[in-house]
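Report on the structure given below.
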Amino acid sequence: MKIVTWNVNSIKSRLPHVTAYLKAVSPDVLLLQELKCLEEAFPLNGLDEVGYHVALVGQKAYNGVGILSKRPVDVEYRILPGDAGDPQARYVEAVIQNARGIVRVASIYLPNGNPIETEKFAYKLAWMDRLIAHVRTLLTYEDPLVLGGDYNVCPTDDDVYDPEGFAGDALCHPETRARFRTLCYLGLTDALRAFHPQSGLYTFWDYQAGCWNKDQGLRLDHLLLSPQAADRLTASGVDKGPRGQEKPSDHTPVWCELADD
DNA sequence: ATGCCGGGCGAAGCCCGA
């Protein structure tokens, strides 16, 4: 079972890339972030063609997350618990049946948090606290669980092309990293790091200043697995291809493979 | 150099992202 996460930076602008990716890679599940449109404006044409079920939480112009799946999707949460008044479309969680049983997945678009002296950073930290509390509950179910998305966290300096330059940034801030560690220490496995311990492994390259051509990137997109999912993890990787295409997203897909037997 | 690029909105130029 192949599960992929991809921040597409506008699904309307990226639909050709996404449909081509689905046809070429044929993932069982594709977790999407930054749709930047309302659910009713999501361009479904082309996706039902290639045979995917779709679960969306949209918002006009900003944010927006989704789950595409070959198998039917039963949505469990359309907002991260802990603040019912949170208007930002950043979380969707669902249960997917497969031949082996169920897999629970979430598509996460964690707040960026810059600049750190503003309420944006406080919102990020509060959002991470809500995520920690919710995952603590989810882990008691003892299901295979895959929490994928754009976490807007570089977990360590190995995940940044310029650690000194990003030292005070919300992506790398000590309080951000401490919460990410707390999340992982609940018992989650970083699927990419499980197979690729080296530095210089990135999932995002800024559009500006030739970052892509200079390979000046950040590792922001993660797949965190519960023990029941990690036990089945057979491979993981970054698909850099889409980032090199015309009119790309600034993020590229990250994938993991779970054994089906 | 707080702009560089790119998307949304809405129809010019600003807000936002990371």
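In what follows, every chain begins at residue 1, and chains take the letters A, B, ... in the order their sequences are listed.
- Proximity note for H251(A) (side chain, C-beta onward) versus dC5(B), dG8(B), dA18(B): the nearest is dA18(B).
- Only the P atoms considered, dG6(B) is 23 Å distant from dG10(B), to the nearest whole Å.
- Between the CG atom of N213(A) and the C1' atom of dC5(B) there is a distance of 13 Å, rounded to whole Å.
- Taking atom P in both dA1(B) and dA12(B), one finds a spacing of 33 Å when rounded to whole Å.
- Of the possible donor and acceptor atoms, one in the side chain of S226(A) sits under 3.5 Å from a partner among the backbone N and O of L145(A).
- Distances shown here put every side-chain N or O of S13(A) at or beyond 4.0 Å from the OP1 or OP2 atom of dG6(B).
- Both K60(A) and D150(A) sit near DNA chain B, but only K60(A) has its closest nucleotide nearer the 5' end.
- Residue A61(A) is in sugar-phosphate contact alone, with no base atom involved, counting any heavy-atom pair closer than 4.0 Å across all strands shown.
- Using a 4.0 Å cut-off between charged nitrogen and carboxylate oxygen, R104(A) and D143(A) count as a salt-bridge pair.
- Salt bridge status for R179(A) with D129(A): present, with a side-chain N to carboxylate O gap under 4.0 Å.
- When the side-chain nitrogen and oxygen atoms of N112(A) are compared with OP1 and OP2 of dA18(B), one or more of them lie within a distance under 4.0 Å.
- Comparing N9(A) and Q88(A) against DNA chain B, the residue whose closest nucleotide sits nearer the 5' end is N9(A).
- Under the 4.0 Å criterion applied to side-chain N and carboxylate O atoms, R219(A) and D158(A) are not assigned as salt-bridge partners.
- For Y207(A), taking side-chain heavy atoms from C-beta onward, the closest of the listed nucleotides dA18(B), dG7(B), dG6(B) is dG6(B).
- Taking every side-chain heavy atom of F204(A) into account, dA18(B) is the closest of dA18(B), dG8(B), dG17(B).
- Rounded to whole Å, the distance from CG on D250(A) to C1' on dG6(B) is 8 Å.
- For the pair Y109(A) and dA18(B), the criterion of a side-chain N or O lying under 4.0 Å from OP1 or OP2 is met.
- Whole-Å rounding puts the K12(A) NZ to dG10(B) P distance at 11 Å.
- Of the listed nucleotides (dG7(B), dA18(B), dC16(B)), dA18(B) has the atom at the smallest distance from the side chain of D206(A).
- The side chain of Q208(A) sits closest to dC5(B) out of dG8(B), dA18(B), dC5(B).
- Here the side chains of L188(A) and L139(A) are in contact, with some heavy-atom distance below 4.5 Å.
- Contact between the side-chain N/O atoms of K247(A) and the OP1/OP2 oxygens of dG7(B) is found at a separation under 4.0 Å.
- Comparing dC4(B), dG8(B), dC16(B) against the side chain of K120(A) picks out dC16(B) as the nearest.
- Of the charged side-chain nitrogens involved, none lies within less than 4.0 Å of a carboxylate oxygen, so that K60(A) and E39(A) do not count as a salt-bridged pair.
- Checked by distance alone, N152(A) brings no side-chain donor or acceptor within 3.5 Å of a matching partner on the base of dA18(B).
- Proximity note for Y62(A) (side chain, C-beta onward) versus dC16(B), dC9(B), dA18(B): the nearest is dC16(B).
- Remark: C1' of dA18(B) and CH2 of W205(A) are 14 Å apart, rounded to the nearest angstrom.
- At least one side-chain nitrogen or oxygen of R14(A) sits closer than 4.0 Å to the OP1 or OP2 atom of dG7(B).
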